[in-house]
Amino acid sequence: MTKLDIIRKTKSLFMKWNLHRIAEPFSDAVLNAVHLSKLSKWRKQHPVMGYNDWYQSSWDYTRRFKLYEEISKAEHLNTVAVDYFEFGVCGGFSFKWWLEQNRNDASRFYGFDTFEGLPESFGSFEKGSMAVPLESLHIDDTRASFYKGLFQDSLIPFLNYYKSDRKKLVHLDADLFSSTLFSLSQLYRFLKDGDILLFDEFAVPKHEFMAFKIFTESFYVNYEVIGAANNYLFLAVKIKK
Ligand SMILES: C[S@@+](CC[C@H](N)C(=O)[O-])C[C@H]1O[C@@H](n2cnc3c(N)ncnc32)[C@H](O)[C@@H]1O
């Protein structure tokens, strides 16, 4: 028997013996540790070509607005016409920030959310948490439109009719691995050189980071990191084509 045969046989035996019964209780912790290590390596391999507040001894969620300001300044996002996509609108705090910041009449702002909360649990947040009714946002800017429902249901029909030459600013703030990977995969064919991706929970190893890593490695996406805040929790990358 060759070495390869032995490896194959051992793998089959592990499956035959239902390895998952022993391994599954530890798989989350192991996956987290593995991806935390990958995040640490990724950080070393990807210098930030712009604003970066690393290292902070405490976390402050409001630092994301400092990142937005810096990105906006560096990329002239207050004046250029953009297509702003937000995946995960919830109470609309980031959505409203960008809407108020960019005054170009030709800009369009697209918000996607169930508005009925998370479709899966996320850490200590249970499925259904973060539910904010769309009507409570009170956004009357005619440049903005909202797509209620799962991204998995609303995004493909939206993209079937989407055509635009404007610069894209894509804000991934859905927290979840599945939601982030789905959105990125669907938007892939529309991404152009210079488009910007913003992440809101990038430093969560098993979710936005893992989705971004799998996406960029599977679709061979080139990019540069143009900003980071709050120990990489908030991240901005620019697509390079
Ligand atoms: C962290 S909140 C967004 C916060 C918001 N950007 C802000 O600044 O206040 C995450 C949102 O993502 C939404 N979400 C996550 N996965 C989704 C999916 N697959 N489809 C639709 N909405 C989703 C949840 O409903 C939730 O409202």
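All values below come from the heavy atoms of this structure, side chains included, with hydrogens, waters and symmetry mates left out. In listed order, ligands and their atoms are each counted from 1. As the structure is a computational prediction, the values presented were derived from the model and not from experiment.
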field: E116 near ligand 1 by a heavy-atom separation under 4.0 Å
entry: no
query: Hey, is ligand 1 close enough to T114 that some N/O pair sits below 3.5 Å?
result: yes
field: Atoms in ligand 1 with a heavy atom of M130 nearer than 4.0 Å
entry: 1 (C), 2 (S), 10 (C), 27 (O)
- request: Could you check atom 12 (O) of ligand 1 against the protein and tell me its nearest heavy-atom contact, residue, atom and distance included?
  value: G88 CA, 3.3 Å
message: Under the side-chain contact (heavy atoms from CB on, under 4.5 Å) test against H171, which residue among F199, F87, Y68, F109 passes?
response: Y68
task: Specify side chain, backbone, both or neither for P119, according to which of its non-hydrogen atoms lie closer than 4.0 Å to ligand 1.
output: side chain
message: Can you tell me how the ring of Y84 sits relative to the ring of F95, calling it parallel under 30°, perpendicular over 60° and tilted otherwise?
response: perpendicular
message: Ignoring hydrogens, what is the shortest heavy-atom contact between F212 and F202? Give both atom names and the distance.
response: CD2-CE1, 3.5 Å
query: Hey, is G149 one of the residues with a heavy atom under 4.0 angstrom from ligand 1?
result: yes
field: Protein contact to atom 9 (O) of ligand 1 [nearest heavy atom, distance to 0.1 Å]
entry: F93 CD1, 3.3 Å
Ligand 1-proximal atoms of V89, by part, heavy-atom distance under 4.0 Å: backbone
query: Taking both backbone and side-chain atoms of F87, is any N or O found less than 3.5 Å from an N or O belonging to ligand 1?
result: no
- prompt: Could E100 and K96 be called an ion pair, given the rule that one side-chain N must be under 4.0 Å from one carboxylate O?
  reply: no
task: Taking only Lys NZ, Arg NE, NH1 and NH2, and the carboxylate oxygens of Asp or Glu, determine whether K66 and D60 approach each other closer than 4.0 Å.
output: no
- prompt: Applying a 4.0 Å heavy-atom criterion (strictly less than), which segment of E86 is in contact with ligand 1: side chain, backbone, both, or neither?
  reply: side chain
message: If only side-chain N and O atoms count, and only distance matters, is there a donor-acceptor pair under 3.5 Å linking D200 with Y61?
response: yes
Atom indices of ligand 1 within 4.0 angstrom of S179 heavy atoms, with elements: 15 (C), 16 (N), 17 (C), 18 (C), 19 (N)
message: Check this for me - ligand 1, F151, N or O atoms closer than 3.5 angstrom, yes or no?
response: yes
Member of H46, K241, K240, K238 meeting the side-chain hydrogen bond (donor to acceptor under 3.5 Å, both in side chains) criterion with Y223: H46
- request: For atom 24 (C) of ligand 1, find the nearest protein heavy atom and state the residue, atom name and distance (0.1 Å precision).
  value: D113 OD1, 3.5 Å
- prompt: Below 4.5 Å, heavy atoms only, C-beta onward: do F190 and D195 meet side chain to side chain?
  reply: no
query: Any luck finding a side-chain donor-acceptor pair between Y147 and S145 under 3.5 Å?
result: yes
statement: Per-atom filter on ligand 1: closer than 4.0 angstrom to a heavy atom of L150 are 19 (N), 20 (N), 21 (C)
message: Using heavy-atom distances only, which candidate in D173, L137, T180 approaches atom 6 (N) of ligand 1 most closely?
response: D173
task: For ligand 1, note which part of R64 has a heavy atom under 4.0 Å away: side chain, backbone, both or neither.
output: side chain
query: Any N or O on G117 sitting closer than 3.5 Å to an N or O of ligand 1?
result: yes
- prompt: Would you find more than 12 non-hydrogen atoms of other residues, nucleotides or ligands less than 6.0 Å from F93 atom CZ?
  reply: no
task: Give the atoms of ligand 1, by number and element, whose distance to some non-hydrogen atom of D175 is under 4.0 Å.
output: 1 (C)
message: Less than 6.0 angstrom from the centroid, inside 45 degrees of the normal: does R64 satisfy that with respect to the ring of W97?
response: no
